[in-house]
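In what follows, a structure is listed as structure tokens, so that the remarks can point back to it.
Each residue takes its place number in the sequence, starting with 1. Because only heavy atoms are used, hydrogens play no part in the values below, and waters and symmetry mates are left out as well, while side chains stay in.
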Amino acid sequence: MEDKYNKILDATMELMGDRGFHGTSVQMIADKVHLSKSTIFHYFKSKEGILLALFEAFVPFATNKLLLIVKNDRLSGMEKLRKIIQLHLYQVSKNGDVLRLYLREARFISKNNKEICKDSQRTYANLIIDVIRQVKRENPLAFANLDPAAVTYSILGMCNSAVIWFNKNGRLEVEDLAEQMYQMVAENPNGRRTGHSDQPGLLQ
């Protein structure tokens, strides 16, 4: 049963990636996986339901991974932030096709289902906001006069933008790109580092 479910999602991802939401029919999805339309509707109520399932397939997994970082009391706020950027970029590199589809096709999701997606996104973002607040508690100079939510969504926007050009065979590995993004985030607007280091110019 799970195998058929995943095959339907994979086929939908491929077809909608090429043809878009309106250019893909349930019959096309059924033909792709050699199933009947009735079997498709056994798993999903509608074509929109398949698209929603695609969007939601990786969010809980990523959130659970994020929770492990946020709840780790042995890490400082900046250490958590570095790991969060690494985690998010890894998810972008692994699930870039889904993210591209979401950015392009989310407008076809009904208002109620959009709220479901937004709730998942808010849960994820609120965890990062908590980390930004921890960073500010630990170092009053960090992100001085900046709203934690604004910082969080700026970081997410920067990481998500990598999906446009990210290439697994490109010049930068995920870890290298994550470190460069972390260094950009860790630099205060006043030119000071948000982290602490015994050596000038180095981040912990």
Side-chain angles (χ1 to χ4, degrees), residues 1-70 84-129 149 152-170 174 177-178 181:
M1 181 176 291
E2 183 177 344
D3 186 49
K4 289 181 181 179
Y5 181 91
N6 290 329
K7 283 183 177 179
I8 294 169
L9 291 183
D10 290 342
T12 303
M13 180 73 253
E14 183 178 344
L15 289 168
M16 289 190 182
D18 291 338
R19 301 168 178 269
F21 181 80
H22 284 309
T24 301
S25 67
V26 175
Q27 185 62 61
M28 291 168 62
I29 297 169
D31 291 342
K32 183 79 173 175
V33 292
H34 307 293
L35 296 172
S36 66
K37 285 178 64 174
S38 61
T39 301
I40 302 293
F41 288 124
H42 172 74
Y43 291 98
F44 304 96
K45 292 181 179 180
S46 63
K47 184 174 68 170
E48 180 183 318
I50 308 175
L51 183 59
L52 180 65
L54 269 172
F55 295 161
E56 290 292 292
F58 66 96
V59 175
F61 175 80
T63 301
N64 288 336
K65 288 283 188 181
L66 180 61
L67 265 171
L68 293 176
I69 297 172
V70 175
I84 287 169
I85 292 174
Q86 291 171 345
L87 170 68
H88 196 83
L89 273 180
Y90 174 75
Q91 293 300 323
V92 168
S93 70
K94 184 178 179 182
N95 300 294
D97 289 343
V98 178
L99 180 57
R100 276 188 288 269
L101 189 66
Y102 177 79
L103 293 173
R104 196 181 71 196
E105 307 293 338
R107 64 186 184 277
F108 299 120
I109 293 291
S110 67
K111 183 177 179 180
N112 183 59
N113 284 332
K114 278 183 181 178
E115 284 303 313
I116 294 174
C117 289
K118 287 180 180 179
D119 283 343
S120 296
Q121 293 166 4
R122 278 191 287 264
T123 298
Y124 188 90
N126 285 339
L127 290 171
I128 302 176
I129 289 172
T152 293
Y153 284 103
S154 296
I155 292 171
L156 290 175
M158 177 176 65
C159 291
N160 288 342
S161 69
V163 75
I164 299 172
W165 56 267
F166 185 81
N167 186 336
K168 293 178 182 178
N169 299 316
V174 176
L177 179 59
M181 287 191 173

Who passes side-chain contact (heavy atoms from CB on, under 4.5 Å) against [X], sequence neighbours left out?
| X | answer |
| --- | --- |
| Q91 | F61, A62, L87, N95 |
| S46 | E48 |
| T123 | T63 |
| S36 | S38, T39 |

[X] (side chain) donor-acceptor with [Y] (main chain) under 3.5 angstrom:
| X | Y | answer |
| --- | --- | --- |
| N160 | L156 | yes |
| T24 | F21 | no |
| K65 | H88 | no |

Which heavy atom of [X] sits nearest to which heavy atom of [Y], and what is that distance?
| X | Y | result |
| --- | --- | --- |
| A178 | I85 | O-CG2, 3.7 Å |
| A125 | T152 | O-CG2, 3.7 Å |
| I109 | F55 | CG1-CE1, 4.0 Å |
| V70 | L127 | CG2-O, 3.9 Å |
| F44 | G49 | CD2-O, 3.9 Å |
| A53 | L9 | CB-CD2, 3.9 Å |

Does atom OH of Y90 have more than 12 heavy-atom neighbours, drawn from other residues, nucleotides or ligands, at distances under 6.0 Å?
no

Only pairs at least two apart or in different chains count here, so list each salt bridge (charged side-chain N to carboxylate O under 4.0 Å, His left out) that has a residue in residues 17-38.
E14-K32

Which pairs count as salt bridge (charged side-chain N to carboxylate O under 4.0 Å, His left out) when at least one residue sits in residues 116-127, sequence neighbours excluded?
E115-R122, D119-R122

Interatomic distance, [X] atom [atom1] to [Y] atom [atom2] [nearest 0.5 angstrom]:
| X | Y | atom1 | atom2 | answer |
| --- | --- | --- | --- | --- |
| I29 | D10 | CD1 | CG | 11.5 Å |
| L177 | C159 | CG | SG | 8.0 Å |
| N113 | L51 | CG | CG | 9.0 Å |

Under the ring-ring contact (aromatic ring centres under 6.0 Å, His included) test, residues paired with H34 that sit two or more places apart:
none

